[in-house]
Visitor: 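Quick one: the structure is below, and I'll ask about it shortly.
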2 protein chains.
Amino acid sequence: MSADPISRRDVSDATVARLPEYLRTLSRLAERGVSCVSSAELASAVGVRSAQLRKDLSRLGSYGVRGVGYEVETLAVEISRVLGLTRDWPVAVVGMGNLGHALASYPGFATKGFRVVALFDDDPGLVGEQVGGVVIRPFAELPARVRSDRIAIGVIATPAAAAQAVGEALAAAGVRSILNFAPASIAVPAAVDVRRVDLSTELQILAFHAQRRTYAAPLSGAVAR
Amino acid sequence: MSADPISRRDVSDATVARLPEYLRTLSRLAERGVSCVSSAELASAVGVRSAQLRKDLSRLGSYGVRGVGYEVETLAVEISRVLGLTRDWPVAVVGMGNLGHALASYPGFATKGFRVVALFDDDPGLVGEQVGGVVIRPFAELPARVRSDRIAIGVIATPAAAAQAVGEALAAAGVRSILNFAPASIAVPAAVDVRRVDLSTELQILAFHAQRRTYAAPLSGAVAR
DNA sequence: CCCTGTGAAATAATTCACAGCA
DNA sequence: TGCTGTGAATTATTTCACAGGG
């Protein structure tokens with residue numbers, strides 16, 4: 001009666017990383033009133049090969065109809081289920097400088113069951129301020145809030161110097177998933193899943209490719225006309 | 001006389017993605033006064049296997065000393081060179097809402113040769129405002145600025161609805177590398193390299209793993225003491 | 001037919017294990 | 001001896017190509 005149609009165990013990381021993109025594209029199609037897509041159509045909208053799309057989807061189960069395609073609505077629900085988006089994910093943001101403010105009011109956060117329910121900062125000039133209907137609290141209140149609001153995901157938006165301490169505090173408070181925006185890596189117990197999102201890293205990868213491209217085809221002044 | 005010690009052609013994407021992390025760790029070691037590391041030490045500081053580190057570094061050339069290790073300074077310079085960080089990368093940010101403001105003043109941007117030299121937004125309430133010493137300009141001035149400032153990297157921080165148009169304008173203006181923070185994918189000519197950084201995507205991947213972990217080891221109330 | 005789902009083949013990335021040099 | 005650099009083995013991922021159901 002545990003009613004779990006597929007064990008999530010055999011969905012590879014590479015596949016999981018593509019699921020949010022599939023889901024976003026399906027939502028766009030649904031908005032346009034499209035109710036059915038073939039793997040070729042969906043794949044080209046996403047920018048992957050149709051064989052890869054089918055292989056990915058086959059990991060979730062058989063939700064397509066041979067000779068026809070996939071029902072947009074059904075598939076979206078199924079991907080949401082596998083990603084864990086059918087439940088609620090209370091999120092805490094630590095560090096309410098520019099970046100923290102932007103994150104706390106970013107629309108991408110509000111979607112798909114993620115709710116920013118707690119904001120923390122130790123700057124007395126920030127404590128008490130409301131951002132998106134949530135009041136900024138002193139960092140010391142973190143453990144109590146994690147328990148009372150069942151916070152499962154913590155976001156670190158502090159300067160680099162504070163990141164390690166915040167990560168440890170989040171882990172100690174019971175948070176098992178951390179999104180780290182601080183320009184520093186953090187070391188946490190293996191039970192905690194950390195994903196780092198870093199501007200600087202992305203820019204450096206971009207610079208590498210930009211440089212490669214320059215070698216391949218030196219950009220001349222041929223702008224527009 | 002082109003003096004290129006290795007062709008960057010055979011450095012795989014997987015390796016390139018790890019180089020910024022190696023570089024950051026090397027910088028930290030240098031600050032601490034460490035002048036030499038073995039692959040085992042560096043690998044454990046970064047969180048990869050030593051064999052992978054050596055394989056990655058071997059792609060850049062032979063900069064280690066057998067029986068000893070790698071000279072921190074030399075290796076950092078070499079990775080910087082390969083990533084293209086020894087030159088200057090003028091950056092334009094388009095969309096100066098909360099996120100754009102945060103990006104324009106984010107310290108991670110200022111490092112490693114990336115300079116935010118132009119900010120664009122069409123909101124009359126924002127045009128003219130200074131952020132980090134740079135004045136926000138109307139979007140129509142983009143092509144002229146790209147040329148005059150040799151802007152090679154564009155950052156999209158607009159709402160989803162504007163992203164596609166901004167991407168096309170950047171591409172048309174001659175920008176060949178785009179970092180897209182808008183909650184929407186954009187379609188651009190193949191000559192343009194786009195990297196998308198998306199909160200929502202990261203959160204969804206995090207949710208998947210958080211859910212998996214919950215199944216594996218249900219979190220009990222064992223908090224601190 | 002057409003398009004899904006999937007074994008089999010090809011390719012890519014990681015890890016092992018050790019030769020070879022300081 | 002100790003640690004790098006690298007072929008060889010292993011594992012992961014992608015792509016091919018087609019059997020099979022609607």
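A, B, ... follow the sequence lines: proteins, then strands. Residue 1 opens every chain. Keep in mind that what you see is a predicted model, and the values were worked out from it rather than measured.
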Visitor: B/Lys55 has a side chain; which of D/dT6, D/dG2, C/dT6 sits nearest to it?
Guide: D/dT6
Visitor: Within the 3.5 Å criterion, strictly below it, is a donor on A/Arg54 or A/Ser39 matched to an acceptor on the partner's side chain?
Guide: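 On atom types as modelled, these side chains qualify, holding a pair under 3.5 Å.
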Visitor: Take atom CG of B/Leu57 and atom P of D/dG5, then tell me their distance rounded to the nearest Å.
Guide: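 Checked: the CG to P distance equals 8 Å.
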Visitor: Looking at B/Arg59, does any N or O in its side chain come under 4.0 Å of the phosphate oxygens OP1/OP2 on C/dT14?
Guide: no
Visitor: Determine whether a donor-acceptor pair (N or O, by modelled atom type, separation under 3.5 Å) exists between the side chain of B/Arg176 and the backbone of A/Gln211.
Guide: no
Visitor: Without decimals, in angstroms, what is the distance between B/Asp10 CG and C/dA13 P?
Guide: 12 Å
Visitor: Without decimals, in angstroms, what is the distance between B/Leu60 CG and D/dG5 C1'?
Guide: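 For the pair B/Leu60 CG and D/dG5 C1', the rounded distance is 13 Å.
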Visitor: In terms of side-chain geometry, is the basic nitrogen of A/Asp193 or B/Arg212 positioned less than 4.0 Å from the acidic oxygen of its partner?
Guide: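 No, this pair does not count.
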Visitor: Hey, is the main chain of B/Ser35 close enough, under 3.5 Å, to the side chain of B/Glu73 for a donor-acceptor pair?
Guide: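 Not at all, since once roles are kept as given, no pair shorter than 3.5 Å links the two residues.
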Visitor: Given D/dG22, C/dT4, D/dT6, identify the nucleotide with an atom nearest to the side chain of A/Arg54.
Guide: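 The answer is C/dT4.
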Visitor: Measure from CG on B/Asp13 to C1' on C/dA12 and round the result to the nearest Å.
Guide: 11 Å
Visitor: Which comes earlier along DNA chain D counting from the 5' end, the contact point of A/Ala14 or that of B/Val65, where each point is its nearest nucleotide?
Guide: B/Val65
Visitor: If I take atom CG in residue A/Leu53 and atom C1' in nucleotide D/dT13, what distance separates them, rounded to the nearest angstrom?
Guide: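 Going from A/Leu53 (CG) to D/dT13 (C1'), I get 15 Å.
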Visitor: For B/Leu75 and D/dT4, give me the distance from atom CG to atom P, rounded to whole Å.
Guide: 11 Å
Visitor: Using modelled atom types and a 3.5 Å cut-off, is there a donor and acceptor pairing between side-chain atoms of A/Arg81 and backbone atoms of A/Thr86?
Guide: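 Not at all, since once roles are kept as given, no pair shorter than 3.5 Å links the two residues.
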Visitor: Counting heavy atoms from C-beta on, name the nucleotide in D/dG22, D/dT13, D/dC3 closest to the side chain of A/Ser12.
Guide: D/dT13
Visitor: From the set D/dT6, D/dT4, C/dG5, return the single nucleotide nearest to any side-chain atom of A/Ser58.
Guide: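 Nucleotide nearest to A/Ser58's side chain: C/dG5.
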Visitor: Charged N to carboxylate O below 4.0 Å: is that the case for A/Glu21 and A/Arg18?
Guide: no
Visitor: OP1 or OP2 of D/dG5 less than 4.0 angstrom from a side-chain nitrogen or oxygen of B/Tyr70, does that happen here?
Guide: yes
Visitor: Return the 5'-most residue of the pair A/Gly67, A/Thr15 with respect to DNA chain D, ranking by each residue's nearest nucleotide.
Guide: A/Thr15
Visitor: Got a salt bridge between B/Glu31 and B/Arg28, using NZ or NE/NH1/NH2 to carboxylate O under 4.0 Å?
Guide: no
Visitor: Nearest whole angstrom, please: distance from the C1' of C/dT11 to the CD of A/Gln52.
Guide: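 Taking atom C1' of C/dT11 as the reference, CD of A/Gln52 is at 13 Å.
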Visitor: Please give, in whole Å, the distance from D/dT15 C1' to A/Asp56 CG?
Guide: 12 Å
Visitor: Among residues 29-51 of chain A, which ones have heavy-atom contacts with DNA chain D below 4.0 Å?
Guide: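 Residues of residues 29-51 of chain A under 4.0 Å from DNA chain D: A/Arg49, A/Ala51.
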